[in-house]
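The next block holds one structure in the form of structure tokens; read it before the comments.
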Amino acid sequence: SPRIQNGRVVLEGLDGSGKGTQGALLMDKYGVAHIESGAVFRQHVGSGTELGKKAKEYMDRGELVPDEITIPMILDILGKQGDKGWLLDGFPRNMEQARKLHEALDKAGMRLDYVVEIQLPRETAKQRIMGRRLCAVNNNHPNNIHIDAIKPVGDACRVCGGALSARADDQNEEAINKRHDIYYDETNGTLAAARYFKKLAAADPKTTYIELDGSGSIDDIRNTLLAQLH
């Protein structure tokens with residue numbers, strides 16, 4: 001589908017809903033840039049940039065990185081993509097970010113092609129988060145001790161054999177609950193941002209809003225998604 005190849009996609013979903021996995025699959029299939037806000041932060045944290053140091057303080061507490069750090073970081077990356085397609089994962093997380101993204105796209109004469117919302121019950125998402133393991137070679141290699149299809153091989157990445165680790169905030173139930181509360185806030189949170197784009201999509205035939213059930217297998221979700229990206 002040529003439309004998605006240089007398309008602009010926003011992927012929304014509860015932390016643990018499989019957003020990262022589906023985003024990576026779309027990136028591999030269509031070659032769109034996968035812009036994942038968490039990875040952007042971790043890059044800055046790893047490089048010890050000023051923004052990274054500030055972001056780390058919030059991330060360690062399980063809090064969202066404030067808009068004045070997040071928004072410029074993301075918009076800067078989008079600006080560098082030019083006409084190439086991209087997939088935004090984990091942004092916008094609130095109403096302010098949604099408005100700023102819409103404003104920036106509007107200014108550049110761009111619009112979103114697809115907004116994908118993956119739906120999943122909180123408890124299921126929490127189990128998945130706590131089972132998540134990160135591969136040292138590639139963060140997008142899916143490994144999860146609670147999901148049979150992507151169980152690691154012992155302590156090694158099932159894709160490449162790389163070393164695995166668990167993120168500290170993934171093992172902290174209080175931090176997970178905090179993240180999920182932010183997601184479900186329908187006034188200012190992530191769901192509010194999703195609904196904002198749903199409304200825009202209803203008025204604009206060029207933007208397609210897709211709601212996906214995230215409780216199935218990775219392949220099921222992927223196939224359902226691909227069938228709707230046309």
Side-chain angles (χ1 to χ4, degrees), residues 1 3-5 7 9-39 85-91 93 113-167 169-171 173 175-177 179-180 182-184 190-191 194 197-198 201 208-230:
S1 159
R3 184 173 159 212
I4 173 120
Q5 268 158 358
V9 186
V10 163
L11 191 54
E12 297 279 31
L14 198 57
D15 197 10
S17 65
K19 268 197 336 289
T21 305
Q22 295 303 326
L25 291 169
L26 287 181
M27 181 183 70
D28 288 346
K29 188 170 173 65
Y30 296 113
V32 292
H34 182 201
I35 299 165
E36 199 257 308
S37 60
W86 44 256
L87 183 139
L88 260 183
D89 170 354
F91 183 96
R93 288 208 178 190
D113 295 290
Y114 300 98
V115 180
V116 181
E117 181 198 336
I118 303 181
Q119 299 165 337
L120 190 73
R122 275 178 91 133
E123 249 338 282
T124 313
K126 190 193 285 187
Q127 277 294 310
R128 286 188 185 176
I129 290 170
M130 297 185 91
R132 207 153 56 182
R133 297 295 179 264
L134 284 186
C135 169
V137 180
N138 183 338
N139 277 188
N140 287 321
H141 286 166
N143 289 274
N144 196 306
I145 60 170
H146 291 153
I147 302 174
D148 286 341
I150 54 171
K151 260 204 174 93
V153 182
D155 293 330
C157 170
R158 48 176 277 283
V159 180
C160 71
L164 294 178
S165 62
R167 269 168 50 191
D169 57 342
D170 280 352
Q171 302 308 307
E173 279 204 54
I176 294 170
N177 286 335
R179 273 153 43 195
H180 284 178
I182 291 163
Y183 184 84
Y184 277 113
T190 313
L191 267 188
F197 285 116
K198 192 176 185 177
T208 307
Y209 195 92
I210 298 169
E211 287 169 296
L212 280 184
D213 173 7
S215 56
S217 74
I218 290 172
D219 283 344
D220 284 348
I221 299 165
R222 177 174 183 259
N223 293 337
T224 310
L225 179 55
L226 290 179
Q228 293 185 64
L229 294 173
H230 43 69

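Computed from a prediction, not measured in an experiment: that's the story for all the values here. Keep in mind that the numbers below use all heavy atoms, side chains included, and drop hydrogens, waters and symmetry copies.
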**Study point:** Arg179 side-chain N/O to Asp169 backbone N/O, donor-acceptor pair under 3.5 Å
**Key:** yes

Exercise for review: Compute whether any side-chain donor of one residue and acceptor of the other, for Ser215 and Asp213, lie under 3.5 angstrom apart.
Suggested key: yes

Practice item. Let me see the working for Thr21 and Ile221 under side-chain contact (heavy atoms from CB on, under 4.5 Å), right down to the final yes or no. Key: CA-CA 10 Å; Thr21 305; Ile221 299 165; over 6 Å; no

Review point. Side chains of Thr190 and Glu12: does their closest heavy-atom pair fall under 4.5 Å?
Key: yes

Point to revise | Heavy-atom pair with the smallest gap, counting every atom of Ala156 and Pro152 | key: O-CB, 3.4 Å

Review point. Taking only residues two or more places apart in sequence or in another chain, which ones pass side chain to side chain donor-acceptor pair (under 3.5 Å) with Asp148?
Key: Lys151

Check your understanding: Are the side chain of Asn143 and the backbone of Arg158 linked by a donor-acceptor contact shorter than 3.5 Å?
Key -> yes

Point to revise | Heavy-atom pair of closest approach, residues Thr224 and Asp220 | key: OG1-O, 2.8 Å

**Study point:** Working for side-chain contact (heavy atoms from CB on, under 4.5 Å), residues His34 and Leu26
**Key:** CA-CA 8 Å; His34 182 201; Leu26 287 181; over 6 Å; no

Check your understanding: Is there side-chain contact between Leu87 and Tyr114, with at least one heavy-atom pair below 4.5 Å?
Key -> no

Point to revise | Test item: His146 side-chain N/O and Gln127 main-chain N/O as donor-acceptor pair under 3.5 Å | key: yes

Check your understanding: If you take all heavy atoms of Pro142 and Val159, which pair is closest and at what distance?
Key -> CD-CG2, 4.4 Å

Practice item. Applying salt bridge (Lys or Arg N to Asp or Glu O under 4.0 Å) between Asp15 and each of Arg122, Arg128, Arg167, Arg132, report the one that passes. Key: Arg132

Revision key, fill the gap. One should read off an interatomic distance between Asp170 CG and Ser165 OG, to the nearest 0.5 angstrom, of 9.5 Å

Practice item. Give the minimum heavy-atom separation between Leu120 and Gly16, together with the two atoms involved. Key: CD2-O, 3.6 Å

Practice item. Working to the nearest 0.5 Å, report the span between CD1 of Ile176 and CE of Met130. Key: 5.0 Å

Check your understanding: Do Ile150 and Ile218 come close enough that some side-chain heavy atom pair is under 4.5 Å?
Key -> yes

Point to revise | Minimum side-chain heavy-atom gap Ile129-His180 below 4.5 Å | key: yes

Review point. Does some side-chain heavy atom of Leu225 sit less than 4.5 Å from a side-chain heavy atom of Leu25?
Key: no

Point to revise | Any side-chain heavy-atom pair of Ile210 and Leu212 under 4.5 Å | key: yes

Exercise for review: Run the numbers on Ser37 and Asp89 for side-chain contact (heavy atoms from CB on, under 4.5 Å), then give the verdict.
Suggested key: CA-CA 6 Å; Ser37 60; Asp89 170 354; over 6 Å; no

Check your understanding: Any ion pair linking Lys19 and Glu36 (charged N to carboxylate O, less than 4.0 Å)?
Key -> no

Study note, to complete from the structure: Shortest non-hydrogen pair, Ile35 vs Trp86, comes out as CD1-CB, 3.9 Å

Exercise for review: Give the minimum heavy-atom separation between Glu117 and Tyr209, together with the two atoms involved.
Suggested key: OE1-OH, 2.7 Å

